[in-house]
> 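Questions regarding the structure given below will be posed in turn.
Position 1 is the first residue of the sequence; numbering continues from there.
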Amino acid sequence: MALLSAEPALATAQRLFETLARETADPPGVTRASYGAGEAFAHGLIAAEADRIGLARRTDAVGNLYITLAGRDPAAPALFLGSHIDSVHHGGNFDGAAGVLAGLAVLERLAAAGIAPPFDITLMVIRAEEMVWFPVHYIGSRAAFGLLPPDTPDTACRSDSARPLAAHMADLGFDPGPIRRGEALLDPARIRGFIELHIEQGPVLTGADIPVGIVTAIRGNIRYRFARIEGETTHAGAVPRSHRRDAVLAGAELAAALEAAWIAREAAGDDLVLTLGEFGTDPARHGITKVPGALAFTLDIRSTASAVLDRFDATLRAEAERIARARGVRIALGAQTRAREATMDPAMRAGLHAAAAAAGIPAIDIASGGGHDAAVFAGQGVPSAMLFVRNANGSHNPDEAMDLADFAAAWQVLAGYMDALIACPAPQAPAPAAPAPG
């Protein structure tokens, strides 16, 4: 199968990275809010590129964009590529966007060569992956499979506007109705696989001096977005320690207890990470001369094993109860959100390793600490895989530093895998029954 040079497609990706950086700039980084102006611009940009290339496109009721290179057998399950294109506040330009532009470059290369694959290949540009905007995991992909709680459009409010998801969807002409009805817009049985390319969000590839990682599993998580400790606000000079109900000291004790439990679980060999992402008092209520009576904090607990998450969550609750009783405070963790861990498909991983070896590109196995839409596809029984691109300085910050040469290397692995699959497609096994959401 003779293909044209990859250079035009990669040049398109570089041009689009530059356009996204310029048009969604929000110094010191970029901001593409979920169901906001920046995300809408990015979707429009990708749609326009699809039209230029001559690819079919459609947008579903909740705003996910699908760009398809038609295959020879329209009845065959399609292979999906994709990622999200929203960002955190003042974030980096590559998180999410790298996967979208890599998928678009694959389709442009195949279309330019006049290749008709044996099955449709669809790039899915997924809405609202970044949980910083709405306190709900994977809004776009879960909505596509009918997995969101029916009240999500009306109870999930955006962090910057306090307006509900339904209002932001309506602003852009989308319909929250399918979410309210639990209506699935995608059928897992019609998808032969899902591949997501993404920047690495940690230091492993940089430390190993390896450009590409092939993901083994995606950590699940338990999150508490609105945890609080309520004590009593009193005078900083007049009240002795024994009479205080200090919310900050209670929070500090809880943090120390959780870190000790984390260290113990690591020593026992468990995969576990813990983050207190926010931890503070309200400056309008508290000051230097007051004993703080209230503390707000967030908790993010992640592991590749549900049993480890369950055990640590039980530890959290036991420690919160102990500290609350000892210090005379109330610790309310608030609503819990949970995302299940996901194991990547062994056959797809093997195919990606083979493509890397054939291209002479160093690649290693790596677990994903961050959550990704690929976990939703895997949870629905769709064989799924992920490629990581080496990226200095982490993600969710304006200093993301993915080198375009590393992007090209990861893209070459993806393109090589696609070439092999198109030349000799594996038989499509029936999709297993999807587990119940939750």
Side-chain angles (χ1 to χ4, degrees), residues 20 23-26 29-48 57-67 82-91 95-97 100 124-186 221 223-228 277-278 282 284 296 298 300 334-339 371-373 376 396 437-438:
L20 285 170
E23 298 298 328
T24 64
D26 187 12
V30 302
T31 297
R32 298 192 281 266
S34 302
Y35 290 102
E39 186 189 54
F41 171 82
H43 275 247
L45 180 68
I46 303 305
R57 65 175 172 90
R58 68 178 180 88
T59 300
D60 67 20
V62 300
N64 296 309
L65 172 63
Y66 305 86
I67 297 169
S83 193
H84 64 100
I85 207 162
D86 58 335
S87 78
V88 301
H89 313 77
H90 308 292
D95 187 329
V100 171
M124 183 177 177
V125 187
I126 303 170
R127 289 275 175 178
E129 190 266 0
E130 296 290 3
M131 193 181 173
V132 67
W133 299 105
F134 296 96
V136 180
H137 295 97
Y138 312 130
I139 286 177
S141 52
R142 288 174 68 202
F145 286 112
L147 300 176
L148 288 175
D151 64 350
T152 300
D154 308 298
T155 59
C157 295
R158 208 168 78 182
S159 58
D160 59 340
S161 70
R163 298 172 65 220
L165 173 62
H168 284 281
M169 293 179 70
D171 288 346
L172 299 175
F174 303 129
D175 179 12
I179 300 175
R180 292 179 177 135
R181 296 189 296 271
E183 177 184 339
L185 308 175
L186 289 177
N221 63 68
R223 289 172 176 162
Y224 295 95
R225 180 69 182 81
F226 303 106
R228 288 185 64 80
E278 298 173 11
D282 180 354
T298 65
D300 183 311
Q336 180 196 97
T337 62
R338 181 159 187 162
H372 300 283
D373 290 300
V376 177
H396 290 187

> Asp86 and Glu129: side-chain contact (heavy atoms from CB on, under 4.5 Å), yes or no, with the steps?
CA-CA 7 Å; Asp86 58 335; Glu129 190 266 0; 3.9 Å; yes

> Return the OG to CE distance between Ser83 and Met124, rounded to the nearest 0.5 Å.
10.5 Å

> Please report the shortest heavy-atom distance between Gly277 and Thr298, naming the atom on each side.
N-OG1, 3.1 Å

> Is the His168 to Trp133 ring centre distance short of 6.0 Å?
no

> Distance check, rounded to the nearest 0.5 Å: Thr59 atom OG1 versus Leu65 atom CG?
4.5 Å

> Which heavy atom in Pro153 sits nearest to a heavy atom in Pro149, and how many Å separate them?
CD-O, 4.3 Å

> What's the spacing between Tyr138 OH and Asp373 CG if we round to 0.5 Å?
7.5 Å

> side-chain contact (heavy atoms from CB on, under 4.5 Å) between Thr24 and Thr31: does it pass, once the steps are laid out?
CA-CA 6 Å; Thr24 64; Thr31 297; over 6 Å; no

> Write down the atom of Ile126, the atom of Ser141, and the distance for their closest heavy-atom approach.
CG2-N, 3.5 Å

> Run the side-chain contact (heavy atoms from CB on, under 4.5 Å) test on Val136 and Leu148 for me, step by step, so that the C-alpha distance in whole Å, both residues' side-chain angles and the decisive distance to 0.1 Å come before the verdict.
CA-CA 9 Å; Val136 180; Leu148 288 175; 3.7 Å; yes

> Flag the pair Ser159 / Met131 as yes when at least one side-chain heavy-atom distance between them is below 4.5 Å, and no otherwise.
no

> Got a sec, which residues hit side chain to side chain donor-acceptor pair (under 3.5 Å) with His396, two or more places apart in sequence or on another chain?
Asp95, Glu130

> Hey, is Arg223 close enough to Asp300 for a salt bridge, meaning N to O under 4.0 Å?
yes

> Between CZ of Phe174 and CZ of Arg127, what distance do you get to the nearest 0.5 Å?
4.0 Å

> Compare all side-chain heavy atoms of Arg180 with those of Asp154 and state whether any distance is below 4.5 angstrom.
yes

> Verify whether one side chain among Asn221 and His137 offers a donor that lies under 3.5 Å from an acceptor in the other.
yes

> What's the shortest heavy-atom distance between Val125 and His43, and which atoms?
O-CE1, 3.3 Å

> Any idea which heavy atoms bring Leu172 and Gly36 closest together, and the distance?
CD1-N, 4.4 Å

> Would you sort out whether Leu165 and Ile139 count as a side-chain contact (heavy atoms from CB on, under 4.5 Å), showing the intermediate values?
CA-CA 10 Å; Leu165 173 62; Ile139 286 177; 4.3 Å; yes

> Distance under 6.0 Å and angle within 45° of the ring axis: does Arg32 meet both against Phe41?
no

> Please examine the side chains of Val30 and His90, heavy atoms only from C-beta on, and report whether any two atoms are closer than 4.5 Å.
no

> Out of curiosity, Ser87 OG to Asp26 CG, how far, rounded to the nearest 0.5 Å?
8.5 Å

> Between the main-chain N or O of Tyr35 and the side-chain N or O of Arg158, is there a donor-acceptor pair closer than 3.5 Å?
yes

> Report yes if the side chains of Asp175 and Met169 come closer than 4.5 Å at any heavy-atom pair, otherwise no.
no

> Answer yes when Asp171 and Arg163 have at least one side-chain N-carboxylate O distance shorter than 4.0 Å, and no when they do not.
yes

> Apply side chain to side chain donor-acceptor pair (under 3.5 Å) to Arg58 and list each qualifying residue two or more places apart in sequence or on a separate chain.
none

> I'd like to know if the side chain of Asp60 reaches the main chain of Asn64, judged simply by a donor and an acceptor atom lying under 3.5 Å from each other, with no hydrogens or angles considered.
yes

> Mind checking the CZ-CD spacing from Phe226 to Gln336? Nearest 0.5 Å is all I need.
14.0 Å

